[in-house]
Amino acid sequence: MTELFKLSPFELNAWMDLLIAAGYPVFAPVFEEGTDKDNLYFKKIKKWNDADIGKLKTKRGPKELFFPINEDLFSYKYNGDGFTLEDPEIEYEPFIVAGLRPCDTAGLDVIDKLFSWDYKDEFYLKKREKAILIAFTCPYTDSSCFCTSVLGKYPYKDGSDIMLTQLKSKDYIVEILTEKGKKLLSHLNKVINPASKEDLKELKKELDNIDKSIKKIKIDKVKSWLENNFEDDYWKNCALECLSCGICTFVCPTCHCFDIIEDRNLDKITRRRTWDSCSFTDFTRMKVHQPRQEHFRRWRQRLMHKYYYYVNNFEVIACTGCGRCIESCPVGINIMTMLSEIDDKGKKLKAKA
Amino acid sequence: MTNIYKPFVMEIIKSFQETPDVKTFRLKFKNDEIAKNFSFKTGQFGEYTVFGVGETTFCISSSAFQKDYIECSFKKVGEVTTALERLDKGDEIGFRGPYGNWFEIDEWAGKNLVFVAGGIGLAPIRSCFLSCLAQREKYKDITMIYGARSVSDLVYKTQLNEWEKRDDIKTIYTVDPGGENSSWKGKIGFVPTILEKADPKPDNTVVITCGPPIMIKFVLKSLKKMNFEDEQIITTLEMKMKCGIGKCGRCNIGPYYVCKHGPVFSMAQIKDFPLEY
Ligand SMILES: Cc1cc2nc3c(=O)[nH]c(=O)nc-3n(C[C@H](O)[C@H](O)[C@H](O)COP(=O)(O)OP(=O)(O)OC[C@H]3O[C@@H](n4cnc5c(N)ncnc54)[C@H](O)[C@@H]3O)c2cc1C
Ligand code: SF4
Ligand code: SF4
Ligand code: FES
């Protein structure tokens, strides 16, 4: 379903505030106090004015709203006779995430597959089920964006319930994409103005312009090269500067690896999951054996996982081309460059064969 | 909610020190309903919780036809296994499972079975072996070749003796040279050497092997020499695990998650795996 209509910034503001007033928790990009002023994070807002949708990307994307950095799995205590275990008390209520970019919703679509693979991870899936996603197309793009090379023509729409695009006139074209999204319309305190033919033309122009501004790289030979070149020397010389700091995986909207730990308190012990990273040296360390000791093995795992293993298991690339890892890496390692190099190798291989 | 990470409480109803650093626990669910509904297939594993310490991965080492309890045997190596080793009969632990794939023992009907195990590798093999013995009539010859570093490193000694007495199976036990003692009546030599001497024939035969990587490597060489095909050789793999259910992203070897696509693999599959495990 698609329904299109038009809203002025003022009307948008009123709509969002009405949703908040109606009791929806609304999460949107806001500056986190006390940190670098450039960093936006998804936080619960009290009024739409607190949201900052003018800046392109949040530091870490929206995955932490569904898969928190730390999450209690259950707790237990000894009651004198034996152990009793308790689920964490979580109330799953409908909530709204507004101000996502198309690539943000794509990231969630990617990890949905993992968390519903055979064993359903309700901690994640229940939140996903309750969430209503309002995406805003990008006000501008930057040199680290390459989403269209992975996700196809701009904008990726599948993950959003509602998508808004601001026109030159500052008015928004609102696309209602799902039933969930449609429900929010009842909170719109005005007569809905359908988008005119002119508006739609402008919308298309706007989206085409964004599409054109995004860097295009070729990745169609990447997977076939990865499948056949685990032992290639390329790996030994790639990402030599990598510090194994794991930032690239923490900011990534599709990285989902976690550790499971015990938080010991006197009266109650909690088992918790906490984000982990394949870049960390201990990730696969066992007592007598560590299969990924050298760091190139860990970088190889990261790339292979995203562009080959995940595709095999879930038929989708575990990367959205959001460019966050490129922006955040302290030593400037660039996955876009690596993908281009690998695609070139893939082409040469094909040419030889 | 259905909480896939929350274990069930089990009681240790029997504890047995197999070797100085290997222990076996017999476990029973505290909740009768769960006990009644529980079943597993041989080769599957579980996540075991030492309350207050953490979780760790072991195969279920008892027969899949044993409905009253499950058993696990573990070697004391690190944090969780050291804490587990201190527990005893009457203590409680947590268990989630069964997870992973299994030995397709019904597909082996009408075949000869050769089990080749080293050290604590006998744990998964024992589950498979016992499950096959429970339907002995389905198979032709069954051979068990088991070796350990020394006599004191042999696990399941009581059962080894029982198996030796049966006349419907062939057992060959061995210890590494220098690991024998004065009362040792079995063979002396490394498992691959003993396997070659036993000289099982590849026709209509499945080999199931588990043990330390170095043993597996040479067992494979020996089997090749004896003209076994990769498809006939079944083993289990280990990778570091946390969740056991394909979520935490830790246990993959190439595109294969050991916790989901494994731990049981045929050599024909493993042959194509990237060498990173
Ligand atoms: C499918 C499978 C079946 C296994 N079956 C048995 C068995 O029957 N008997 C037995 O003695 N051992 C078995 N292991 C190995 C056993 O899991 C490890 O020896 C054990 O987890 C070590 O835990 P630890 O906390 O004492 O060690 P530490 O080194 O302190 O481990 C810390 C954490 O790392 C993980 N870990 C460490 N080593 C391993 C490893 N080799 N494999 C998987 N996870 C590891 C565990 O999750 C543990 O919580 C099996 C491993 C796998 C993957
Ligand atoms: S952010 Fe950069 S330095 Fe840190 S682990 Fe990733 S690639 Fe390595
Ligand atoms: S790998 Fe980098 S570009 Fe791809 S989704 Fe993750 S952070 Fe974005
Ligand atoms: S152990 Fe977590 S993914 Fe396999």
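Computed from heavy atoms alone, side chains included, the values below leave out hydrogens, waters and symmetry copies. It should be emphasised that the depicted structure is a prediction, and the values quoted were computed from it without experimental measurement.
Proximity to chain A (any heavy atom under 4.5 Å) is shown, for B:Tyr256, by neither the backbone nor the side chain. Using a 4.5 Å cut-off between heavy atoms, B:Ile245 touches chain A through backbone and side chain atoms alike. Contacts of B:Pro7 with chain A are made by both backbone and side-chain atoms, with heavy-atom separations under 4.5 Å. Residue contact with chain A, scored on non-hydrogen atoms closer than 4.5 Å, involves the backbone and the side chain of B:Val77 alike. When heavy atoms are compared at a cutoff of 4.5 Å, A:Asp282 approaches chain B solely by way of its backbone atoms N, CA, C and O.
We find that A:Lys127 and A:Asp121 are not joined by a salt bridge, their nearest charged nitrogen and carboxylate oxygen being 4.0 Å or further apart. The pair A:Arg272-A:Glu71 fails the salt-bridge criterion, with no side-chain N (NZ, NE, NH1 or NH2) lying under 4.0 Å from an Asp/Glu carboxylate O.
Stacking of B:Arg96 on the aromatic ring of B:Tyr5 is not recorded, the 6.0 Å distance cut-off and the 45° axial limit not both being met.
Counting heavy-atom pairs under 4.5 Å between each of B:Met1, B:Lys242, B:Glu11 and chain A puts B:Met1 at the top. Your options are B:Thr49, B:Val9, B:Asp91, B:Asn252, and the one with the most heavy-atom pairs under 4.5 Å with chain A is B:Asn252. In terms of non-hydrogen atom pairs under 4.5 Å with chain B, the most contact-rich of A:Arg285, A:His305, A:Glu86, A:Arg273 is A:Arg285.
In this structure, B:Leu27 and B:Ile13 approach most closely via the heavy-atom pair N-CG1, 4.4 Å.
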